[in-house]
J.: 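Please read through the structure below; I'll follow up with questions.
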There are 2 protein chains.
Amino acid sequence: MGQDTEHTPVWIMRQAGRYLPEYRKVRSKHSFREVLTTPDLAEEVTLQPLRRFSLDAAIIFSDILIVADAMGMPFEIVPNKGPVMDWSIGSVQDIDRLHVAEPEESLPYLARSIEAVCDSLSGSVPLIGFAGAPFTIACYMIDGGPSKQFSRTRRFLYEHPDEFDRLLSLIAQSIVRLLKMQIDAGAGAIQLFDTWAGLLGPKEYRNHAFKAASQVLASLDGQGVPRILYVGQTGQFLETIREAPAEVLGIDWRTSLSDAIERIGPGYSVQGNLDPCALYLSRKSIPAAVKAVLEQGRKARGHVFNLGHGILPDVDPDHLATLVDSVHQFSG
Amino acid sequence: MGQDTEHTPVWIMRQAGRYLPEYRKVRSKHSFREVLTTPDLAEEVTLQPLRRFSLDAAIIFSDILIVADAMGMPFEIVPNKGPVMDWSIGSVQDIDRLHVAEPEESLPYLARSIEAVCDSLSGSVPLIGFAGAPFTIACYMIDGGPSKQFSRTRRFLYEHPDEFDRLLSLIAQSIVRLLKMQIDAGAGAIQLFDTWAGLLGPKEYRNHAFKAASQVLASLDGQGVPRILYVGQTGQFLETIREAPAEVLGIDWRTSLSDAIERIGPGYSVQGNLDPCALYLSRKSIPAAVKAVLEQGRKARGHVFNLGHGILPDVDPDHLATLVDSVHQFSG
């Protein structure tokens with residue numbers, strides 16, 4: 001990423017996941033948490049998509065919420081519901097129940113998984129490490145689990161803006177440690193996911209979520225790995241995001257890539273942004289959809305091809321094969 | 001709306017709803033469907049917020065999905081889950097199970113409720129009628145109920161674009177009849193809600209959702225009532241929405257109102273767009289938040305004050321009183 005390549009590099013958000021029968025087979029024998037915390041299993045599912053498709057990067061199988069675990073708020077993944085936190089922040093005082101993570105002690109499996117994957121890849125393609133951005137993690141910590149609106153979180157922000165920032169800062173410090181651990185273990189790039197920041201108004205985004213995400217990214221200056229920032233509902237915040245201490249900006253599928261490139265300016269590479277639903281097209285229709293994104297991407301400083309959001313679980317893997325091959329063919 | 005007024009007019013999306021104790025009292029005795037289908041009850045809850053606050057419009061208590069009922073797809077409101085359709089569109093053939101609505105026959109209660117409210121209001125303020133836009137209704141018809149991603153719907157659109165348009169057109173024809181019935185019964189303005197259109201990429205929005213919404217709005221040309229189009233995730237589509245056959249464009253809270261006004265141009269009045277969470281602020285902090293929105297709104301051709309989304313159910317009604325009074329005070 002950011003390096004000269006023969007073709008536009010391509011990887012896919014959630015490429016290690018449920019749409020792959022070999023992933024579902026592993027999960028039929030092991031819980032999500034077992035796969036997450038057992039380096040051999042995490043390595044296996046991380047490498048599965050690389051065996052099928054000629055992808056240009058792996059991304060470690062992990063979960064954005066492990067940082068909450070490491071800060072003193074464990075969670076469970078409940079089938080058909082998603083993550084449910086053991087407790088949630090209901091008052092300003094509850095913030096004191098959290099501490100800055102010591103990931104080497106509380107999440108050692110993550111470093112071991114990354115080392116195992118990097119050994120297997122032996123430099124063929126980079127491994128991407130990742131974390132959730134502070135605001136998105138705060139959403140789960142305050143609302144306690146999945147939500148459409150995360151209105152408890154937004155209420156907390158409006159009622160206690162300074163304490164909300166204190167929480168974001170605690171999370172940010174923890175994430176920096178988590179990402180440094182991943183880089184030390186061999187990650188060749190990192191991505192910060194601010195999935196829920198799109199729920200905020202422009203001022204709240206800039207003054208709180210973006211500030212905390214920037215604090216994380218700036219702390220990784222000089223680590224020698226490209227930093228990718230992915231924000232849900234990217235389009236509404238491009239004028240703010242283009243100030244991020246990052247090399248690559250992820251663009252979701254709801255913004256035209258050429259508009260995004262124009263609004264961002266020449267300072268960044270972009271990543272994205274085919275609609276995940278384009279994989280529902282017939283295999284013969286996929287190349288044209290890929291080509292349209294590639295053509296827009298040419299105007300950027302650099303372009304990493306990806307979907308504009310995670311791959312959907314009911315996609316036919318053969319359709320993804322067509323996508324990956326098309327990216328290489330048209331950008332060769 | 002669109003008329004000269006002494007102050008900026010204000011109404012609130014979902015102003016007749018759960019945040020009001022008097023609404024909850026009615027609902028403790030009557031199901032949602034009973035309130036919906038019984039003109040006396042619908043009238044009562046429609047008027048409740050007008051008794052508390054000096055609002056400049058009423059909006060009829062109804063539901064966007066009644067059009068599905070009238071087209072041959074009944075639904076139930078399941079507590080803590082939302083609307084669940086009796087059946088859903090799983091194939092192209094299923095579209096033939098639907099018919100264009102005859103609202104006078106299948107939804108007579110709606111006209112009776114509107115007439116009752118208009119009688120009570122006797123012209124003091126206008127009553128707004130509304131409907132869901134075709135794409136948003138199609139989301140429920142295909143996914144069968146609430147969803148975060150509506151990926152079955154988006155899959156259908158990608159796999160069968162022409163049949164998807166046929167479905168949208170059937171819904172659009174039904175909505176036109178439903179809205180005309182509301183205007184005939186006394187509605188002085190209408191709002192079309194395209195809540196889920198924000199899930200689409202820019203091309204899919206323009207070619208399908210927007211086209212169908214425009215078909216509805218254009219069919220109401222010459223009816224003599226202002227047409228308001230509200231699209232979720234407004235910010236990503238303003239360059240398309242500014243071609244809508246409408247007088248007023250609703251703006252959600254995630255776009256700065258002044259940016260939106262600039263991008264829309266001088267052809268429209270705007271409605272919005274205070275963050276619904278701003279009602280969580282202390283009562284003394286609300287006026288400043290209201291003022292900031294009013295100041296941005298001055299640059300528009302006309303401004304109807306509203307939240308940028310429906311009022312949240314855990315808001316203190318006294319905070320809304322402060323909001324309404326502030327709008328009148330600062331724009332007087």
J.: Rounded at 0.5 Å granularity, tell me how far CG in B:Leu238 sits from CD in A:Gln236.
T.: 11.0 Å
J.: Closest heavy-atom contact between A:Pro202 and B:Ser256?
T.: CG-N, 3.7 Å
J.: Where does B:Leu279 contact chain A at under 4.5 Å (heavy atoms): side chain, backbone, both or neither?
T.: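 Neither part.
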J.: Does CD belonging to B:Glu295 count more than 12 external heavy atoms closer than 6.0 Å?
T.: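 Enclosed: over 12 neighbouring heavy atoms sit under 6.0 Å from CD of B:Glu295.
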J.: Which region of B:Leu312, side chain (C-beta onward) or backbone (N, CA, C, O), has a non-hydrogen atom less than 4.5 Å from a non-hydrogen atom of chain A, or is it both or neither?
T.: side chain
J.: Answer yes or no: does atom CZ of A:Arg27 have more than 12 heavy-atom neighbours from other residues, nucleotides or ligands under 6.0 Å?
T.: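 Yes, the 6.0 Å shell around CZ holds more than 12 heavy atoms from other groups.
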J.: What residue in B:Ser282, B:Gly201, B:Ser285 has the most heavy-atom pairs under 4.5 Å with chain A?
T.: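 The candidate making the most pairs under 4.5 Å is B:Gly201.
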J.: Any residues in residues 204-212 of chain A near chain B, with a heavy-atom distance under 4.5 Å, and which are they?
T.: none
J.: At a 4.5 Å cut-off on heavy atoms, which part of B:Asp314 comes close to chain A: side chain, backbone, both, or neither?
T.: both
J.: Could you tell me whether A:Glu243 atom CD has more than 12 heavy atoms of other residues or ligands within 6.0 Å of it?
T.: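 Yes, enclosed.
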J.: Atom CZ of residue position A:Arg18 - does it have more than 12 heavy atoms of other residues, nucleotides or ligands inside 6.0 Å?
T.: no
J.: Side chain, backbone, both or neither: which part of B:Ala289 has a non-hydrogen atom closer than 4.5 Å to chain A?
T.: neither
J.: Considering heavy atoms only, which positions within residues 140-162 of chain B lie below 4.5 Å of chain A?
T.: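 Interface residues of residues 140-162 of chain B: B:Pro146, B:Ser147, B:Lys148, B:Gln149, B:Ser151, B:Arg154, B:Arg155, B:Tyr158, B:Glu159.
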J.: When rounded to the nearest 0.5 angstrom, what distance separates NE2 in A:His309 from CG in B:Leu199?
T.: 9.5 Å
J.: State whether the number of non-hydrogen atoms from other residues, nucleotides or ligands found under 6.0 Å of A:Glu76 atom CD is greater than 12.
T.: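 Open.
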